[in-house]
Amino acid sequence: MDRKPRLLLAEDSPVMARQLRLLLAQDYVVVGLVTDGESILSALESLAPDVLVTDISMPGIDGLAAAEQALRTYPDLRVVFITVHDEPSLVARARALPRTAYVLKADAGDALPAALDAVLAGRWYESASIAREKVRK
């Protein structure tokens, strides 16, 4: 990709949204920020980002349900879930979707850039702490 990838950020915490925007601004173009699941779908249509970076727990439609709908509508869209939730059922639901990655907020500094690289290359990615937890079980 010759241009910087365009990202839509979906995060309902203003503090976390600011931190994520700072983390992403150097290598990506953050085209918008939405704070609830319903807004994701309208923002995708109007902003046409390459990647949706979304929290899972948000007001209204959660980020996972919004992403499921968005991935059906936009076949070139990539999605990175960034969340505090490490439940295996949520990770499995995200992994079952095409063109996705799953990052724990605690790992965001290192994992978010790696996750974005992976989904843009068409690969699944999950935080190392999730992978380590699977090995322990």
Side-chain angles (χ1 to χ4, degrees):
M1 197 174 274
D2 294 337
R3 62 176 176 79
K4 287 184 177 182
R6 296 165 41 88
L7 309 182
L8 173 63
L9 188 54
E11 170 61 58
D12 62 331
S13 161
V15 172
M16 181 57 71
R18 193 166 37 255
Q19 291 172 336
L20 291 173
R21 193 183 282 259
L22 285 172
L23 178 65
L24 296 168
Q26 187 171 340
D27 296 315
Y28 305 94
V29 177
V30 179
V31 295
L33 168 66
V34 296
T35 57
D36 62 78
E38 285 86 2
S39 299
I40 290 173
L41 300 170
S42 57
L44 287 173
E45 187 174 338
S46 61
L47 300 172
D50 301 303
V51 183
L52 167 63
V53 177
T54 183
D55 191 4
I56 289 180
S57 297
M58 288 194 300
I61 301 171
D62 70 52
L64 201 46
E68 286 169 340
Q69 192 172 337
L71 286 163
R72 284 191 302 270
T73 307
Y74 303 99
D76 294 329
L77 182 68
R78 308 300 199 246
V79 177
V80 175
F81 296 103
I82 182 151
T83 182
V84 295
H85 302 289
D86 62 357
E87 290 89 1
S89 63
L90 287 176
V91 176
R93 192 170 151 203
R95 185 167 191 155
L97 296 171
R99 307 176 308 278
T100 59
Y102 199 97
V103 174
L104 295 179
K105 286 183 178 176
D107 300 336
D110 296 327
L112 190 54
L116 285 160
D117 289 345
V119 296
L120 286 165
R123 296 187 315 272
W124 163 256
Y125 179 93
E126 65 186 35
S127 286
S129 55
I130 293 172
R132 280 195 300 274
E133 192 60 34
K134 286 181 188 169
V135 170
R136 268 191 235 131
K137 289 184 177 170

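Quick caveat: nothing in here was measured; it's all calculated off a predicted structure.
With contacts defined as side-chain heavy-atom distances shorter than 4.5 Å, the pair L112/L23 qualifies. Between I56 and Y102 the shortest side-chain heavy-atom distance falls below 4.5 Å. Side-chain contact between V79 and L71 is present, with at least one heavy-atom pair separated by less than 4.5 Å. Counting only heavy atoms from C-beta outward, the side chains of P5 and L120 approach each other to under 4.5 Å. Looking at P49 and L7, their side chains never come closer than 4.5 Å, going by heavy atoms from C-beta outward. Residues V30 and V53 fail the side-chain proximity criterion, which asks for heavy atoms closer than 4.5 Å. Counting heavy atoms from C-beta on, the side chains of F81 and V103 never come closer than 4.5 Å. Counting heavy atoms from C-beta outward, D50 and R6 have side chains that approach closer than 4.5 Å.
Screening residues 61-77 for side chain to side chain donor-acceptor pair (under 3.5 Å), with sequence neighbours left out, gives E68-R93. For residues 10-28, the salt bridge (Lys or Arg N to Asp or Glu O under 4.0 Å) pairs, not counting sequence neighbours, are E11-K105. Applying the salt bridge (Lys or Arg N to Asp or Glu O under 4.0 Å) definition to pairs two or more places apart or across chains, none involves residues 109-119. Here side chain to side chain donor-acceptor pair (under 3.5 Å) pairs that include residues 39-48, with residues two or more places apart or in two chains, are D36-S39.
Between A118 and Y125, the shortest heavy-atom distance links the atoms CB-CB, 3.7 Å. When all heavy atoms are compared, the tightest approach of G63 to T54 is CA-OG1, 3.7 Å. Here the closest non-hydrogen pair linking A43 and L8 is CB-CD2, 3.7 Å.
Note on L47 and L44: same hydrophobic cluster, where clusters join Ile, Leu, Val, Met, Phe, Trp and Tyr whose side-chain heavy atoms are under 4.5 Å apart, directly or indirectly. I130 is not connected to V84 by any chain of hydrophobic side-chain contacts under 4.5 Å among Ile, Leu, Val, Met, Phe, Trp and Tyr, and they are in different clusters.
Among residues two or more places apart in sequence or in another chain, the side-chain hydrogen bond (donor to acceptor under 3.5 Å, both in side chains) test is passed with S13 by none. The side-chain contact (heavy atoms from CB on, under 4.5 Å) check on I61 picks up E38, A65, A66, with sequence neighbours excluded.
With values rounded to the nearest 0.5 angstrom, D55 atom CG is found 8.0 Å from M16 atom CE. With rounding to the nearest 0.5 Å, the separation of CG in D107 from CG in D86 is 10.0 Å.
For R99 (side chain) and P75 (main-chain N/O), a donor-acceptor pair under 3.5 Å exists by modelled atom type.
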Are L64 and L97 close enough, and set up right, to give a side-chain contact (heavy atoms from CB on, under 4.5 Å), and what steps lead you there? CA-CA 10 Å; L64 201 46; L97 296 171; 4.2 Å; yes
